[in-house]
Amino acid sequence: MKDIKSYVEENKDRFLNELIDLLKIPSISADSNYKDSMLKTAEAVKENLLQAGCDAAEICETPGHPVVYAEKIIDKNLPTVLVYGHYDVQPPDPLDLWNSPPFEPVIKETEIHPDGAIFARGACDDKGQMFMHVKALEYMTKNDELPCNVKFMIEGEEEVGSEHLGWFIENNKEKLANDVILISDTGMIAKDTPSITTGLRGLSYIEVEVTGPNRDLHSGLYGGAVANPINILSKMIASLTDENNHITIPGFYDKVEELSREERVKMAEAPYSEDAYKKKLDIKDVHGEAGYSTLERASIRPTLDVNGIWGGYIGEGAKTVLPGKAYAKISMRLVPNQDWKEITQLFKKHFESIAPDAVKVEVKPHHGGQAYVTPIDNIGYRAASKAYEKSFGKTPIPQRSGGSIPIVTLFEKELKSKIILMGFGFDTDAIHSPNEHFGIWNYLKGIETIPWFYKYFTEMKQE
């Protein structure tokens, strides 16, 4: 393979500027007010794929936001890599916590990123990581280094549960046929410690509504005599975990995969400092399920977290109101063998059962997905490992992630191929949070590493 490092170095300013242009478009899939921006982003992704060397690219309509599909077929007898990514982003709220506007990208140096990082919503999740694959393809096509066929499926609904991607896959199985699926929507441990994500947690996302009186009431005239939905909701949520931070929903742990002692010991070999972890989050201590380490709690154990809670008066000054309603959004991260639909029903049954007669409760399931584990003995993983060895000069560590990509298990079920998760972000990149960013070094290193995967996968597949 020709010197990809030189190519990346010669074109890095253009690579950064092209990514910045993409990051300026507010492709927020959760908010219908941004429908035009979603379409504009899809069009930009399509054009970039064509410019990178794809022979064909199209914007495919779905019942929701469109999917961008593109391909470069050089020989139907050669292996085919399907690249998956998403062009939609999380809402940027709360805006007042951003140090710069979320859709006005800026490059700033940080302690972890002395070469600079791009600060913008979607910088790491997932526009920056998706765009690495576009630029890697550009290198391979312009330098006649593409060893196999490549297809791209870039969707616009990942941040809202990939609601219609299953529909798209079901209707396009022949078009999407491949030998391996490559995704960069995860991270790695550190610059000097490359890692490959081998597991993702599943997800069940739920909204609950607690209703008390038929209107907001004067808290002096009615307080103490009528149930306050916020008070009731807070008590109900508090009861969902016990003193050991163990989830109390009956049946919740029945199918949880328990890792062997040997596997847990292997996990513990990953470089980790509890003091550094607490320092970067500015917390005095960690918190979680008793009997497990911080790394285990954040990867191989299921969780239940409140993602938002609201009701009553939250404006400036005081308003002595007893609210008629209270709401919360709750997510549960799940591990292998836990079915997200079954867990959703267990939550619904339990949450309704613990509500006092003084209120009414409605549980509204949103979306979810199954956990996924990649075996490290398949050729896709071995090719990825060899690619990191070539690019980083050391063997990557297999690592389970606490995050979720709900659609991954459907890929394997419907398209019959393994998924390889080659992420280049850090856990400090503030994805889903204010001041999301992606290191310039990480972005360019991804572009440098990905072509080696194509080379080694093709060689191993033809052995």
Side-chain angles (χ1 to χ4, degrees), residues 28-32 64 88 90-91 93-94 125 157-166 200-212 227-242 245-256 288-289 297-298 301-312 323-356 359-372 401-410 431-433:
I28 305 169
S29 54
D31 190 335
S32 60
D88 64 322
Q90 282 274 325
D93 309 71
D125 183 20
E157 294 186 340
E158 197 276 343
E159 298 294 6
V160 289
S162 300
E163 183 178 357
H164 299 105
L165 192 60
L200 296 165
R201 288 193 287 195
L203 174 68
S204 170
Y205 194 88
I206 289 165
E207 182 175 329
V208 298
E209 176 183 307
V210 176
T211 303
N228 183 323
I230 296 178
N231 293 358
I232 298 296
L233 176 58
S234 299
K235 290 178 181 179
M236 292 173 68
I237 289 172
S239 76
L240 295 176
T241 54
D242 63 19
N245 295 306
H246 197 265
I247 297 164
T248 58
I249 299 170
F252 185 86
Y253 291 98
D254 286 357
K255 297 180 181 179
V256 168
E289 185 182 1
R297 291 168 181 165
R301 298 300 295 168
T303 65
L304 186 153
D305 287 293
V306 179
N307 303 128
I309 186 167
W310 68 100
K325 290 180 178 289
Y327 308 83
K329 293 182 186 289
I330 296 171
S331 66
M332 291 170 284
R333 299 288 175 168
L334 311 175
V335 296
N337 301 332
Q338 284 186 298
D339 180 82
W340 78 269
K341 293 181 180 178
E342 180 181 352
I343 293 298
T344 299
Q345 289 305 308
L346 289 175
F347 177 95
K348 176 179 170 64
K349 180 180 178 181
H350 177 67
F351 204 72
E352 291 173 345
S353 74
I354 62 176
V359 298
K360 296 186 288 291
V361 170
E362 184 177 2
V363 176
K364 306 173 185 176
H366 273 277
H367 62 271
Q370 312 292 59
Y372 182 78
S401 168
S404 306
I405 305 177
I407 204 69
V408 162
T409 51
L410 182 67
I431 62 172
H432 292 208
S433 302

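Atoms considered below: every heavy atom in the structure, side chains included; atoms not considered: hydrogens, waters and symmetry mates. In this chain, numbering begins with 1 at the start of the sequence shown.
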Can you see whether [X] engages [Y] through a side-chain donor-acceptor pair at a distance of less than 3.5 angstrom?
X	Y	answer
Arg333	Ser404	yes
Asp242	Thr248	no
Glu163	His367	no
Asp125	Gln90	no

Grab the two heavy atoms, one from [X] and one from [Y], that are nearest each other, plus how far apart they are.
X	Y	result
Leu410	Gly166	CD2-CA, 3.4 Å
Ile354	Ser239	CD1-OG, 3.5 Å
Phe252	Leu346	N-CD1, 4.2 Å
Thr344	Ser204	OG1-OG, 2.6 Å
Pro323	Pro229	O-CD, 2.9 Å
Pro365	Ile206	CA-CG1, 4.3 Å

Euclidean distance, [Y] [atom2] relative to [X] [atom1], rounded to 0.5 Å:
X	Y	atom1	atom2	result
Ile28	Asp93	CD1	CG	7.5 Å
Leu200	Ile407	CG	CD1	12.5 Å
Lys235	Asn228	NZ	CG	9.5 Å
Gln345	Ile343	CD	CD1	10.5 Å
Met236	Ser353	CE	OG	8.0 Å

(Q) Quick one: does any side-chain atom of Arg301 pair with a main-chain N or O of Gly288 as donor and acceptor, under 3.5 Å? (A) no
Q) Just by modelled atom types, is the Ile247 backbone N or O under 3.5 Å from a matching donor or acceptor in the Tyr253 side chain? A) yes
State, yes or no, whether a side-chain contact exists between [X] and [Y] at a heavy-atom distance under 4.5 Å.
X	Y	answer
Leu240	Phe347	yes
Leu203	Trp340	no
Thr303	Leu334	no
Ile330	Asp305	no
Val361	Ile232	no
Asp339	Gln370	yes
Glu158	Ile405	yes

Q) Looking at residues at least two apart in the chain, or sitting in another chain, which of them share a side-chain hydrogen bond (donor to acceptor under 3.5 Å, both in side chains) with His350? A) none
(Q) The test is side chain to side chain contact (heavy atoms under 4.5 Å, CB included); show your working for Val256 and Asn337 and say whether it passes. (A) CA-CA 6 Å; Val256 168; Asn337 301 332; over 6 Å; no
Q: List in chain and number order the residues that pass salt bridge (Lys or Arg N to Asp or Glu O under 4.0 Å) with Glu209, two or more places apart in sequence or in another chain; answer none if no residue qualifies.
A: Lys325, Lys364
Q.
Could you go through Glu362 and Thr211, starting from their C-alpha distance and side-chain angles, then the distance that decides it, and tell me whether this counts as side chain to side chain contact (heavy atoms under 4.5 Å, CB included)?
A. CA-CA 8 Å; Glu362 184 177 2; Thr211 303; over 6 Å; no
Q: Determine, step by step, whether Tyr327 and Val208 satisfy the side chain to side chain contact (heavy atoms under 4.5 Å, CB included) criterion, reporting the C-alpha distance in whole Å, the side-chain angles of both residues, the deciding distance to 0.1 Å, and the verdict.
A: CA-CA 6 Å; Tyr327 308 83; Val208 298; over 6 Å; no
Q | Electrostatic pair Glu289-Arg297, nearest N-O below 4.0 angstrom | A | no
Q: Please step through side chain to side chain contact (heavy atoms under 4.5 Å, CB included) for the pair Tyr205 and Met332, ending with a clear verdict.
A: CA-CA 6 Å; Tyr205 194 88; Met332 291 170 284; over 6 Å; no
